[in-house]
Every structure is written in C-alpha cells, then in structure tokens.
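Single-structure report; data block below.
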Amino acid sequence: MQQVRELKVNRYLVIDDEPCKIIELTTSKPGKHGEAKARIVAIGIFTGNKRSMVAPVTHKVQVPIIEKRIAQVVSIQGTEAQLMDMESYEMFNIEIPEEFRDKIEAGQEVSYQDALGRRQITRV
C-alpha cells in the first residue's frame with residue numbers, strides 16, 4: 001500500500017483490480033474545509049484500457065508487484081503456447097498476443113510479465 005501523494009508518472013497502481021501504469025497525475029490545492037485531491041490517469045498493462053480515478057492525496061492505494069521473467073516455448077496449440085519458466089521450471093499455458101502469433105516457435109525464449117496472478121507475453 002502506498003499513499004497517493006507518493007505516486008509518480010510511469011509507476012504502477014491497481015485500479016478496479018487491474019494493474020495499471022500511470023500516464024498522468026495532477027493534484028489540486030486543499031480547499032477551505034477539505035484536503036488536496038489527486039487525479040490519476042492510467043493504462044491497464046494487460047488490457048490497454050484507459051482508466052482514471054480521483055482520490056485524496058492521503059488515500060492509500062494498492063501497488064502491484066510486476067515480475068518480468070523469461071520462459072521457453074515448449075509447444076504451440078492454436079493461439080495458446082505452453083511455456084516453461086527458466087528459473088522455477090514451472091509449466092503453464094498462456095494466450096499468444098496477436099502481434100506475436102506468426103513470430104513465436106517451439107524452443108524459443110520469450111519474455112513475459114506476471115502481476116496479480118495474470119501473465120502476458122511481452123517480447124519474443
């Protein structure tokens with residue numbers, strides 16, 4: 001958990017159970033009987049959807065732990081690939097993003113990110 005006043009552009013936070021990267025952050029001055037507010041605009045790292053939120057600067061928000069890892073492609077079945085993590089040797093299936101479908105092959109190493117129990121291939 002982190003206070004809104006400690007957030008910065010290009011950092012990450014969770015909005016509606018979706019890990020997002022902050023692209024815009026503005027704060028207002030405190031009012032006569034209130035406290036300063038922050039307006040945050042962020043893009044979901046898995047969906048690409050733009051999300052925004054307004055919160056007091058003392059409000060606490062969840063910050064995701066995003067792991068960037070390397071895996072080897074074991075096999076490909078249609079639009080899914082079976083990967084093996086190069087550190088833990090864990091096997092899992094993952095959806096292949098549209099831009100990588102013609103570039104990915106069995107035996108190849110790929111980069112993927114893992115956040116809040118969700119995974120996505122980021123680089124081939």
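All values below come from the heavy atoms of this structure, side chains included, with hydrogens, waters and symmetry mates left out.
- Applying the salt bridge (charged side-chain N to carboxylate O under 4.0 Å, His left out) definition to pairs two or more places apart or across chains, those involving residues 39-49 are Glu24-Arg39.
- Within the structure, the ring pair (Phe, Tyr, Trp, His ring centres under 6.0 Å) test picks out no pair touching residues 46-77 (sequence neighbours left out).
- Rounding to the nearest 0.5 Å places CD of Gln62 at 11.5 Å from CD of Gln2.
- Glu35 pairs by the side-chain hydrogen bond (donor to acceptor under 3.5 Å, both in side chains) definition with Thr58, not counting sequence neighbours.
- Not counting sequence neighbours, the partners of Pro97 by the side-chain contact (heavy atoms from CB on, under 4.5 Å) test are Glu99, Phe100, Ile121.
- The two atoms that bring Lys37 and Val54 nearest to each other are CD-CG1, 4.3 Å, heavy atoms only.
- Of all non-hydrogen atoms in Cys20 and Gly44, the two that sit nearest each other are SG-CA, 3.8 Å.
- A continuous path of Ile, Leu, Val, Met, Phe, Trp and Tyr side chains, each step under 4.5 Å between heavy atoms, connects Val9 with Met53, placing both in one hydrophobic cluster.
- Between Arg51 and Glu18 there is a side-chain heavy-atom pair separated by less than 4.5 Å.
- Residues Leu7 and Leu13 come closest through the heavy atom pair CD1-CD1, 4.2 Å.
- The shortest heavy-atom contact between Ala36 and Ser28 is CB-O, 3.2 Å.
- Remark: Arg5 pairs with Gln3 by the side-chain hydrogen bond (donor to acceptor under 3.5 Å, both in side chains) rule, at least two apart or across chains.
- Evaluation of the side chain to side chain donor-acceptor pair (under 3.5 Å) test over residues 7-17, restricted to residues two or more places apart or in two chains, returns none.
- Atom CZ of Arg118 has more than 12 heavy atoms from other residues, nucleotides or ligands within 6.0 Å.
- Looking at heavy atoms from C-beta onward, Ile104 lies in side-chain contact with Val73 at the 4.5 angstrom threshold.
- With hydrogens and angles disregarded, a donor-acceptor distance shorter than 3.5 Å links the side chain of Gln108 to the backbone of Glu105.
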List the atom pairs, donor and acceptor, that lie under 3.5 Å between side-chain atoms in residues 81-96 and the rest of the protein, sequence neighbours left out.
{"from": "Gln82", "atom 1": "OE1", "to": "Ser75", "atom 2": "OG", "distance (Å)": "3.3"}
{"from": "Asp85", "atom 1": "OD1", "to": "Arg69", "atom 2": "NH2", "distance (Å)": "3.4"}
{"from": "Asp85", "atom 1": "OD1", "to": "Glu87", "atom 2": "N", "distance (Å)": "2.7"}
{"from": "Asp85", "atom 1": "OD1", "to": "Ser88", "atom 2": "N", "distance (Å)": "3.0"}
{"from": "Asp85", "atom 1": "OD2", "to": "Arg69", "atom 2": "NE", "distance (Å)": "3.1"}
{"from": "Asp85", "atom 1": "OD2", "to": "Tyr112", "atom 2": "OH", "distance (Å)": "2.4"}
{"from": "Glu87", "atom 1": "OE1", "to": "Arg69", "atom 2": "NH2", "distance (Å)": "3.4"}
{"from": "Ser88", "atom 1": "OG", "to": "Glu90", "atom 2": "N", "distance (Å)": "3.4"}
{"from": "Glu90", "atom 1": "OE1", "to": "Arg119", "atom 2": "NH2", "distance (Å)": "3.3"}
{"from": "Glu90", "atom 1": "OE2", "to": "Arg119", "atom 2": "NH2", "distance (Å)": "3.1"}
{"from": "Glu95", "atom 1": "OE2", "to": "Thr79", "atom 2": "OG1", "distance (Å)": "3.1"}
{"from": "Glu95", "atom 1": "OE2", "to": "Arg101", "atom 2": "NH2", "distance (Å)": "3.1"}

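- No continuous path of ILVMFWY side-chain contacts below 4.5 Å connects Ile15 to Ile45, so the two sit in separate hydrophobic clusters.
- In the hydrophobic clustering, Ile23 connects to Val41, Ile43, either directly or through intervening members, whenever side-chain heavy atoms lie under 4.5 Å apart.
- By the side-chain contact (heavy atoms from CB on, under 4.5 Å) test, Thr27 is found to be paired with Ala38, Val57, residues two or more places apart in sequence or in another chain being considered.
- Judged by distance alone, with hydrogens and angles left aside, the side-chain atoms of Thr122 form no donor-acceptor pair with the main-chain N or O of Gln113 at under 3.5 Å.
- Grouped by direct or indirect side-chain proximity (heavy atoms under 4.5 Å, Ile/Leu/Val/Met/Phe/Trp/Tyr only), Leu116 sits with Val14.
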